[in-house]
Amino acid sequence: QVQLVESGGGLVQFGGSLRLSCTASGSIFSIKSMGWYRQAPGKERELVAVIPSGDYTHYSDSVKGRFTISRDNAKNTVYLQMNSLTPEDTAVYYCNAEISTYSSGTYYSRYWGQGTQVTVSS
């Protein structure tokens, strides 16, 4: 089994910064893309940033220039550095990854973290 565990969420003041981390563990054979989504109350889950490879990153327009996604393949970890936070960034943030296991071989499935709350005060 594969598990994604997040950390780094919490309370922050307007204009502050947080760094989210998500580490995948278990019977991992390979990881393709890793990314971050968020879901605010009353809204659908939306893509924040994705890093399918070391040569490419994609950000939503609302966070571009403020957030930075990165990954450490040796640690099976994806990070999201969030700067200049505003109350509009308040949401539950979820990490996800496309992962194949030793049992699945080349078959990849999407796994999700449990979600971590980010609250930005006004």
Side-chain angles (χ1 to χ4, degrees):
Q1 294 182 332
V2 175
Q3 185 178 31
L4 272 60
V5 179
E6 300 174 334
S7 63
L11 304 175
V12 65
Q13 294 183 337
F14 182 94
S17 298
L18 285 174
R19 190 178 80 151
L20 305 182
S21 300
C22 179
T23 299
S25 62
S27 301
I28 299 173
F29 181 76
S30 182
I31 301 178
K32 286 186 176 179
S33 65
M34 305 187 81
W36 291 92
Y37 290 72
R38 68 184 181 185
Q39 187 169 20
K43 296 183 178 180
E44 295 186 3
R45 189 174 300 184
E46 65 174 353
L47 176 68
V48 176
V50 63
I51 182 168
S53 71
D55 298 326
Y56 173 78
T57 58
H58 173 77
Y59 301 90
S60 68
D61 291 338
S62 62
V63 307
K64 194 170 186 178
R66 300 187 297 120
F67 291 10
T68 302
I69 188 171
S70 61
R71 62 191 290 178
D72 187 333
N73 292 330
K75 297 180 179 180
N76 292 330
T77 298
V78 61
Y79 305 94
L80 185 67
Q81 178 66 47
M82 305 183 294
N83 299 325
S84 301
L85 287 164
T86 74
E88 286 68 41
D89 296 313
T90 296
V92 177
Y93 285 71
Y94 300 88
C95 69
N96 79 97
E98 292 179 293
I99 300 173
S100 67
T101 65
Y102 286 105
S103 61
S104 69
T106 59
Y107 179 79
Y108 287 82
S109 297
R110 174 173 286 185
Y111 293 85
W112 293 89
Q114 78 285 356
T116 184
Q117 178 70 48
V118 172
T119 302
V120 185
S121 64
S122 59

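We count residues from 1, following the sequence as given.
Tracing side-chain contacts under 4.5 Å through hydrophobic residues (I, L, V, M, F, W, Y), one never reaches Phe29 starting from Leu4; they form parts of separate clusters. Hydrophobic clustering (ILVMFWY, side-chain heavy atoms < 4.5 Å, transitive): Val5 and Met34 are in distinct clusters. Connection of Phe67 to Val50 is not established within any shared hydrophobic cluster, with ILVMFWY side chains joined at heavy-atom distances below 4.5 Å, either directly or through further cluster members.
Ser17 and Asn83 form a side-chain donor-acceptor contact under 3.5 Å, judged by distance and modelled atom types alone. Between Thr119 and Gln117, the side chains place a donor N or O and an acceptor N or O closer than 3.5 Å (distance only, hydrogens not considered). Side-chain contact, Arg38 with Ser62: a donor N or O sits under 3.5 Å from an acceptor N or O.
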- Task: Kindly indicate, with the supporting measurements, whether the criterion side chain to side chain contact (heavy atoms under 4.5 Å, CB included) is fulfilled by Ile28 and Thr101.
- Result: CA-CA 5 Å; Ile28 299 173; Thr101 65; 5.9 Å; no
Could you please spell out the steps behind the side chain to side chain contact (heavy atoms under 4.5 Å, CB included) verdict for Tyr102 and Ser27? CA-CA 6 Å; Tyr102 286 105; Ser27 301; 4.0 Å; yes
So Val78 and Cys22, side chain to side chain contact (heavy atoms under 4.5 Å, CB included) or not? Walk me through it.
CA-CA 5 Å; Val78 61; Cys22 179; 3.8 Å; yes
Tell me, with the steps shown, if Thr77 and Thr23 meet side-chain hydrogen bond (donor to acceptor under 3.5 Å, both in side chains). CA-CA 4 Å; Thr77 298; Thr23 299; 2.8 Å; yes
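Under the 4.5 Å side-chain criterion, counting only non-hydrogen atoms from C-beta, Asn73 is not in contact with Ile31. The closest side-chain heavy-atom distance from Val48 to Tyr93 is below 4.5 Å. You'll find the side chain of Leu18 reaches within 4.5 Å of the side chain of Val118, heavy atoms only.
In this structure, CG in Leu80 is found 8.0 Å from OG1 in Thr68, a value given to the nearest 0.5 Å. Note: Ser121 OG to Leu11 CG = 8.0 Å, rounded to the nearest 0.5 Å. The CD1 atom of Ile51 sits 6.5 Å away from the OG1 atom of Thr57 when rounded to the nearest 0.5 Å. Between the OH atom of Tyr94 and the CH2 atom of Trp36 there is a distance of 12.0 Å, given to the nearest 0.5 Å. Between the CZ atom of Arg71 and the OH atom of Tyr79 there is a distance of 11.5 Å, given to the nearest 0.5 Å. In this structure, Ile69 CD1 and His58 NE2 are separated by 10.5 Å, a value rounded to the nearest 0.5 Å.
Taking each heavy atom of Asn96 and Arg110 in turn, the nearest pair found is OD1-NE, 3.6 Å. Across all their heavy atoms, Val92 and Gly115 have their closest contact at CG1-CA, 3.8 Å.
Side chain of Ser100 to main chain of Gly105: a donor-acceptor pair is present (N/O by atom type, distance under 3.5 Å, no hydrogens or angles). Looking at Glu6, its side chain never comes within 3.5 Å of a backbone N or O of Gly113 through a donor-acceptor pair. Formation of a donor-acceptor pair under 3.5 Å by the Thr90 side chain with backbone atoms of Glu88 is not found in this model. Using a distance-only test at 3.5 Å, with no hydrogens or angles considered, no donor-acceptor pair links the side chain of Glu98 to the main chain of Ser109. Formation of a donor-acceptor pair under 3.5 Å by the Arg66 side chain with backbone atoms of Ser84 is found in this model.
A centroid separation of less than 6.0 Å is found between the aromatic rings of Trp112 and Tyr37.
Under a cutoff of 6.0 Å and an axis angle of 45°, Lys32 and Tyr108 form a cation-pi pair.
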